Novice: 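Would you mind keeping the following structure in view while I ask a few things?
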Amino acid sequence: MYFPEYRARRLRQSDQLRRMVRETHLRVDDLIYPMFSAFGEKIKKEIPSMPGIYQQSIEHIVAEAKDVHALGIPAVILFGIPETKDAFGQDAYSDEGIIQRTIRAIKDAVPELLVITDVCLCEYTDHGHCGVIKKGDVDNDETLKLLAAEALSHARAGADIVAPSDMMDGRVAAIREILDANDFHQIPVMSYAVKYASAYYGPFRDAAESTPQFGDRRSYQMDPANRLEALREAELDVQECADFLMVKPALAYLDILRELKDRFHLPLVAYNVSGEYSMIKAAAEKDWIDGDRVMMETLVGMKRAGADLIITYHAKEAAKLLR
Ligand code: PBG
Ligand code: ZN
């Protein structure tokens, strides 16, 4: 296959040919749209660092959920901003909590739209950490009990999939156990298996009002420099019977997506996080890049790296372009 006999450009000559040899396809079915449900009424507040993304009260969430469903997007993932926060994040596992009420409202209005819930405590604790604080650090095993209670409460409210994002050891097993003990054998666990301590979460923490009030998350989220540790984390979650594995963030970790895809046989999710979204939006606003094209190239890049599904704030815009 040497030049001039082989010419790679032969297969790039026309749109038809390029379509025929295209290897990776982004589909509406691959997209999951994140939403921020805020306590109260008549709230629709745009997040300054995330143009087009809102904190909204339940009636607005339901209206947007209908749009999401009409666009053909199969699922949303919910984050909550509760009325009150406390040291133990009680709203997170209360049957009248913000997320529980949001799940019921969405399932009532758009039953076919799958509702995934983020299972974590940082949006509900006054200190902003993802678990219970003991001796200045998050206590792993105490936190597991609360996460399990939170996942169960989401399932009771009608959640279709629960997605723990806390990075405590043993949480997938703890959640699987409590769900099975309560007849929720059919509720899948989408594990944020590989979650790095990332500066790319900055805009999300404004959106969810979940910035830690002291310290940082490095004693539970992963060091961005580590690859073998990612494989260990994924392996543990497979043993604990996770149904999906996730890598988060996505853009700076495409190599990790590829490694997980090659080694494990569960559906793989990429979380295209808030800071990745904000960078594209900001550069597009300045007319420095073509926002739509950069968005589609970024999303297809995540799929090419091995993602089966992508959680993305771009989901609605991408779905419109894919129609
Ligand atoms: C909660 C959680 C976070 C994100 C998803 N779930 C924030 C964090 O861990 O600080 C980040 C999502 C994003 O940046 O879009 N643990
Ligand atoms: Zn958290």
Side-chain angles (χ1 to χ4, degrees), residues 31-37 47-55 76-82 85 87-89 91-93 98-99 116-133 137-140 143-144 146-147 150-151 154 161-169 171-172 175 190-224 233 244 246-253 269-281 298-299 302 310-315:
L31 304 171
I32 300 170
Y33 184 62
M35 301 178 90
F36 298 96
S37 181
I47 297 141
S49 52
M50 301 176 74
I53 304 296
Y54 300 82
Q55 290 184 343
V76 294
I77 181 163
L78 298 181
F79 299 93
I81 302 135
K85 306 192 184 211
F88 299 96
D91 195 90
Y93 37 92
I98 180 68
I99 285 298
I116 306 171
T117 57
D118 184 81
V119 175
C120 200
L121 294 175
C122 52
E123 297 131 65
Y124 310 93
T125 51
D126 49 14
H127 46 72
H129 277 287
C130 301
V132 182
I133 302 294
D137 194 10
V138 174
D139 186 276
N140 195 88
T143 300
L144 290 185
L146 304 187
L147 293 168
E150 180 179 6
H154 291 173
I161 301 174
V162 293
S165 68
D166 51 281
M167 289 303 276
M168 296 305 117
D169 292 320
R171 93 278 205 182
V172 172
I175 289 171
M190 179 183 282
S191 176
Y192 286 69
V194 179
K195 179 174 176 181
Y196 289 94
S198 171
Y200 281 98
Y201 307 151
F204 173 95
R205 291 184 189 169
D206 294 337
E209 300 177 8
S210 64
T211 306
Q213 298 305 300
F214 64 90
D216 54 44
R217 302 208 204 290
R218 284 180 237 204
S219 79
Y220 43 105
Q221 297 181 350
M222 285 175 49
D223 182 337
E233 279 284 5
F244 299 81
M246 194 192 303
V247 173
K248 176 183 173 194
L251 211 42
Y253 303 90
V269 187
Y271 199 138
N272 174 211
V273 301
S274 56
E276 300 170 13
Y277 175 82
S278 303
M279 291 193 303
I280 292 181
K281 287 293 169 195
T298 303
L299 295 173
M302 290 169 189
I310 307 174
I311 301 177
T312 178
Y313 304 95
H314 293 294

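Note that the coordinates shown come from a computational prediction; the quantities given were computed from them, not determined experimentally. Both counts, for ligands and for their atoms, begin at 1 and track the order of listing. For reference, positions follow the sequence shown, starting with 1.
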Novice: Hey, is Glu276 one of the residues with a heavy atom under 4.0 angstrom from ligand 1?
Specialist: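 It does not; every heavy atom stays at 4.0 Å or beyond.
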Novice: Counting heavy atoms only, which part of Asp166 comes closer than 4.0 Å to ligand 1: side chain, backbone, both or neither?
Specialist: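 None of Asp166 does.
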Novice: Could you tell me, atom by atom, which parts of ligand 1 come under 4.0 Å of a heavy atom of Tyr271?
Specialist: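 So the atoms of ligand 1 that pass are 12 (C), 15 (O).
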Novice: Pair Met222, Lys248 - check side-chain contact (heavy atoms from CB on, under 4.5 Å), show working.
Specialist: CA-CA 10 Å; Met222 285 175 49; Lys248 176 183 173 194; over 6 Å; no
Novice: Which part of Ser165 is near ligand 1, with near meaning a heavy atom under 4.0 Å away: side chain, backbone, both or neither?
Specialist: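 Answer for Ser165: both.
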Novice: Give the numbers and elements of all ligand 1 atoms closer than 4.0 Å to a heavy atom of Arg217.
Specialist: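 Listed by number with element: 8 (C), 9 (O), 10 (O).
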Novice: Checking a contact table here: which protein heavy atom is nearest atom 12 (C) of ligand 1, and how many Å away?
Specialist: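 The protein heavy atom lying closest is Phe204 CD1, 3.3 Å.
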Novice: If I take the Zn ion (ligand 2) as the centre, what angle separates the SG atom of Cys130 from the SG atom of Cys122? Nearest 10 degrees is fine.
Specialist: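 Taking the Zn ion (ligand 2) as the apex, the two atoms subtend 110°.
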Novice: Is there a side-chain contact between Phe244 and Ile116 (heavy atoms, below 4.5 Å)?
Specialist: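 Counting from C-beta outward, Phe244 and Ile116 never come under 4.5 Å.
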Novice: Which atoms from ligand 1 have a heavy atom of Cys122 less than 4.0 Å away?
Specialist: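 Answer for ligand 1: 1 (C), 16 (N).
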Novice: For ligand 1, which atoms have a heavy atom of Phe79 less than 4.0 angstrom away?
Specialist: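 Counting atoms of ligand 1 from 1, those under 4.0 Å from Phe79 are 5 (C), 6 (N).
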Novice: Parallel, tilted or perpendicular for His129 and Tyr220, by the 30°/60° rule?
Specialist: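 Perpendicular: the ring planes of His129 and Tyr220 meet at over 60°.
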Novice: Can you sort out which atoms of ligand 1 are near Gln221, meaning under 4.0 Å from one of its heavy atoms?
Specialist: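 Matching atoms, with element in brackets: 8 (C), 9 (O).
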Novice: Does ligand 1 have any atom that is closer than 4.0 Å to a heavy atom of Met167?
Specialist: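 No, that is not the case, since the closest heavy atom of the residue is not under 4.0 Å from the ligand.
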Novice: With atoms numbered from 1 as shown, which atoms in ligand 1 lie under 4.0 angstrom from a non-hydrogen atom of Tyr313?
Specialist: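 Checking each atom against Tyr313, I get 12 (C), 13 (C), 15 (O).
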Novice: Closer than 3.5 angstrom, by distance alone: can the side chain of Glu123 be matched with the main-chain N or O of Leu121 as a donor-acceptor pair?
Specialist: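 Side chain of Glu123 to backbone of Leu121, a donor-acceptor pair under 3.5 Å: no, none is there.
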Novice: Just to be sure I'm reading this right: ignoring hydrogens, which of Met50, Arg205, Glu123 gets closest to atom 10 (O) of ligand 1? Compare them by their nearest heavy atoms.
Specialist: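 Heavy atom nearest to atom 10 (O) of ligand 1 belongs to Arg205.
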Novice: Give the residue, atom name and distance (to 0.1 Å) of the protein heavy atom nearest atom 14 (O) of ligand 1.
Specialist: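 So the nearest neighbour among protein heavy atoms is Ser274 OG, 2.7 Å.
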Novice: Can you tell me which portion of Cys120 lies within the under-4.0 Å heavy-atom range of ligand 1? Options are side chain, backbone, both, or neither.
Specialist: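 Just the side chain.
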Novice: With no hydrogens and no angle check, is any side-chain donor or acceptor of Tyr277 less than 3.5 Å from a backbone partner on Pro51?
Specialist: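 Checked: pair present.
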Novice: Tell me whether Ser278 contacts the main-chain N or O of Ser49 through its side chain, where contact means a donor paired with an acceptor under 3.5 Å.
Specialist: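 Answer holds: yes.
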Novice: Closest non-hydrogen protein atom to atom 5 (C) of ligand 1, residue and atom name please, with distance?
Specialist: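 Answer, as residue, atom name and distance: Lys248 NZ, 2.5 Å.
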Novice: Just verifying a value: how many Å separate Leu144 CG and Asp169 CG, rounded to the nearest 0.5 Å?
Specialist: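 Leu144 CG to Asp169 CG: 8.0 Å, rounded to 0.5 Å.
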Novice: With Lys195 as the cation and Tyr201 as the aromatic partner, state whether NZ or CZ is under 6.0 Å from the six-membered ring centre and within 45° of the axis.
Specialist: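 Pair Lys195/Tyr201 counts as cation-pi.
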Novice: Would a 4.5 Å heavy-atom cut-off, applied to side chains only, mark Pro34 and Ile311 as touching?
Specialist: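 Pro34 reaches Ile311 side chain to side chain.
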Novice: Please list the nearest protein heavy atom to atom 2 (C) of ligand 1 with its residue and the distance rounded to 0.1 Å.
Specialist: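 For atom 2 (C) of ligand 1, the nearest protein heavy atom is Lys195 NZ, 3.4 Å.
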Novice: Evaluate the side-chain proximity of Ser274 to Arg205: yes if any heavy-atom separation is below 4.5 Å, no if none is.
Specialist: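 No. Closest side-chain heavy atoms not under 4.5 Å.
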Novice: Could you walk me through whether Glu209 and Gln55 pass the side-chain contact (heavy atoms from CB on, under 4.5 Å) check?
Specialist: CA-CA 10 Å; Glu209 300 177 8; Gln55 290 184 343; 3.2 Å; yes
